[in-house]
> 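Below is a structure I'd like to ask you about.
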Amino acid sequence: MSTTDVGNFRSLAAERQSAAEREALAASAATEGPAWSNMKAPDARSQQSAAVAVTNGRRALKVFLSNPNALFGTGFLVFVILVALTAPILYPDDPLSMVGRPFLWPGQSPAYPLGTDSLGRDVLAGILHGSRISLFVGLMATALGLTFGVLVGSTAGYFGGWIDDLLVRLIEIFQTLPSFVLLVVLVAIAQPSATTVTLAIAVISWPTVARLTRAEFRAIREKDFVVAARSLGYGHARIIFREILPNALPPIIVTSSVMVATAILMESALSFMGLGDPNVVSWGSMIGTGRELVRTAWYLTALPGLAIVFTVLALNLIGDGLNDALNPRFSQDR
Amino acid sequence: MAPLLQVDNLTIRFPRAEPVRDLSFEISQGETLAIVGESGSGKSLTALALMQLLPRAARIANGSISFGGRDLTKLGAREMRHLRGREIAMIFQEPMTSLNPVMTIGRQIAEVLQVHEKLSSRAARERAIELLRLVRIPAPEKRVDDYPHQLSGGMRQRVMIAIAVACKPKLLIADEPTTALDVTIQAQVLDLLDTLRRELQMAVVLITHDLGVVAQWADKVVVMYAGRKVEQALPDDLFNDPLHPYTRGLLAASPRLKHDFHYRDGALTEIPGSIVSAVGETGCPFRPRCNQARASCSHHVPQLTVPAEDRLVACPFTTSIKAVPHAAALSL
């Protein structure tokens with residue numbers, strides 16, 4: 001068709017339109033139903049909101065509870081916590097006191113189911129009491145590191161500018177030092193005790209949280225609902241803690257479970273090196289004292305070692321489970 | 001009566017650009033002012049400037065924003081925070097992302113009341129339910145505990161409106177409030193805004209690119225192009241007799257429902273080029289796209305003139321199309 005017959009084209013269009021109208025009329029008369037057959041089709045918006053719903057708490061719990069690994073981890077951790085709580089009742093005496101003949105192998109004497117060590121101390125009592133210090137250090141160090149890390153990270157990420165520069169430099173100072181060497185130095189300077197070990201572990205673990213929190217805050221800060229919150233005249237503290245932080249929590253929660261595991265490992269490593277609290281028994285110190293006898297009495301290192309392995313494994317499994325549950329991108333039933 | 005909001009020669013400057021230049025307008029209590037223009041014309045930045053929430057890199061290089069006798073550009077952060085949400089409120093374009101996803105809508109409405117009116121949490125919750133009823137959300141007692149993802153887009157925009165009007169602001173800025181909504185919902189939401197404007201005696205700044213919205217809900221229209229006001233008129237005048245070539249182009253580019261427009265009738269007219277061509281242009285920013293451009297257009301930026309009562313236009317070569325035959329006007 002050439003471009004000259006525009007008038008013709010217009011009249012054609014008009015004719016076609018009226019024909020289409022007649023057709024539409026006939027069609028609607030025939031079916032009596034809605035002419036739009038796609039009215040029930042899901043649109044992009046409803047699909048999107050379904051995807052968002054995955055982050056919903058109840059849904060996340062369901063995903064977490066349907067994960068056998070996470071359930072095993074949670075179960076084992078609950079068991080360890082119960083053991084830690086009941087240890088003083090089951091073994092009220094000092095686990096560091098000598099109670100029997102040295103080098104009793106596990107099963108050799110019914111009074112000491114897991115045997116005794118080179119000084120005749122009860123290994124089972126040691127492991128049960130050791131869970132207390134491991135959990136205490138793990139949880140407290142994580143709580144402290146988390147609090148400080150979240151505060152620093154959220155301040156840096158939210159405000160940006162020179163505050164961000166300053167705090168990032170601070171984080172980088174800690175990250176450029178080899179963390180375990182720093183830990184050893186810190187504990188060696190202070191007197192080794194459960195408190196100083198906890199503080200030292202917190203000092204070396206907060207930068208990870210701070211970096212993560214900062215990254216989350218930088219992303220969420222630009223979201224529409226944060227601008228909306230600012231447009232309502234909310235103060236900085238309210239926006240940080242009520243608007244942004246709850247939305248930044250999922251990755252922080254996941255990281256914190258792994259942090260507990262890392263803190264337990266670090267405490268064990270310190271105790272193994274003899275830098276733990278000398279007045280309390282810990283899994284790491286038990287391995288440390290059993291180290292020289294590993295060829296003759298290997299159970300002295302293996303048993304507390306297994307306790308560490310399973311506790312750390314449980315925490316890592318919980319972390320994986322939380323990650324699947326709280327991070328919709330990787331959950332299988334998206 | 002003195003206008004509630006008076007913007008004078010507002011210029012917003014980024015390090016490398018001035019997306020809003022010499023913008024002036026005023027709005028009185030209970031009035032709806034529509035700001036129209038295509039994407040990139042500086043509408044949303046103007047809205048953010050009114051809230052003093054401009055992006056970090058941007059700053060107000062010149063001009064004043066007088067609200068109730070106070071110059072907002074000179075207020076401190078604390079005083080401005082005090083005004084936001086209480087006297088000036090804003091509704092955003094995207095209802096899907098403008099609500100905090102991890103807080104129930106009831107708590108989000110209650111929060112603004114607790115912050116600004118110091119209500120107890122129980123009283124704030126009661127008010128939240130009232131407000132949900134006011135914005136016509138069915139079964140507000142149940143909906144108040146819903147999370148945003150449980151609501152549709154239209155409902156969420158109603159919640160946003162409820163939050164915005166919770167403290168009975170004097171000025172409501174609606175930045176494309178219906179762009180993300182279905183056409184059927186758009187009219188409901190705009191009707192709701194209009195009702196609330198009348199009941200609460202609010203002034204409304206309605207930012208939109210939809211001329212249909214302007215025709216139906218605005219008292220006064222400002223047409224923006226490349227950060228400048230190119231025309232200001234009452235809606236009737238604007239639609240019957242657009243003066244600026246850009247306004248004419250916009251009108252020609254919109255389907256006219258009274259003509260039973262159908263896509264098979266042929267393509268809509270379009271304005272050639274894009275707004276990007278205004279960057280670095282000396283003279284009239286619309287010149288590269290204007291079908292009436294003359295050599296003199298490149299010499300200086302056209303001043304706003306007053307061709308008739310209640311009208312402003314920034315084009316020296318404009319002629320009223322009432323003078324030309326109707327058919328010619330349609331084929332602009």
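Quick caveat, the model's predicted, so the values are computed rather than measured.
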> Non-hydrogen atoms of chain B under 4.5 Å away: do they reach the side chain of A/Arg242, the backbone, both or neither?
both
> Grab the two heavy atoms, one from B/Ser98 and one from A/Ala228, that are nearest each other, plus how far apart they are.
O-CB, 3.7 Å
> Between A/Leu232 and B/Val115, does the side-chain contact (heavy atoms from CB on, under 4.5 Å) criterion hold? Intermediate values first, please.
CA-CA 9 Å; A/Leu232 290 170; B/Val115 168; over 6 Å; no
> Side chain from CB out, backbone as N, CA, C, O: work out which of these in B/Gln108 comes under 4.5 Å of a heavy atom of chain A, or both, or neither.
backbone
> Provide the closest heavy-atom pair for A/Pro246 versus B/Val102 in the form atom of the first, atom of the second, distance.
CB-CG2, 3.5 Å
> Report the distance from atom OH of A/Tyr234 to atom NE2 of B/His116, rounding to the nearest 0.5 Å.
6.5 Å
> Pick one of side chain, backbone, both or neither for A/Val227, based on which atoms fall under 4.5 Å of a heavy atom in chain B.
both
> Please determine, among B/Leu48, B/Ile91, B/Leu99, the option with the most heavy-atom pairs under 4.5 Å with chain A.
B/Leu99
> Taking side chain as everything from C-beta outward and backbone as N, CA, C, O, which of these in B/Leu83 sits under 4.5 Å from a heavy atom of chain A? Side chain, backbone, both or neither.
neither
> Could you tell me which of B/Arg84, B/Met103, B/His82, B/Met160 has the largest number of non-hydrogen atom pairs under 4.5 Å with chain A?
B/Arg84
> By a 4.5 Å heavy-atom criterion (distance strictly below it), what part of B/Arg86 contacts chain A: side chain, backbone, both, or neither?
neither
> Please indicate whether B/Arg197 has more than 12 foreign heavy atoms, meaning atoms of other residues, nucleotides or ligands, lying under 6.0 Å from its CZ.
yes
> Are any non-hydrogen side-chain atoms of A/Phe225 and B/Pro148 less than 4.5 angstrom apart?
no
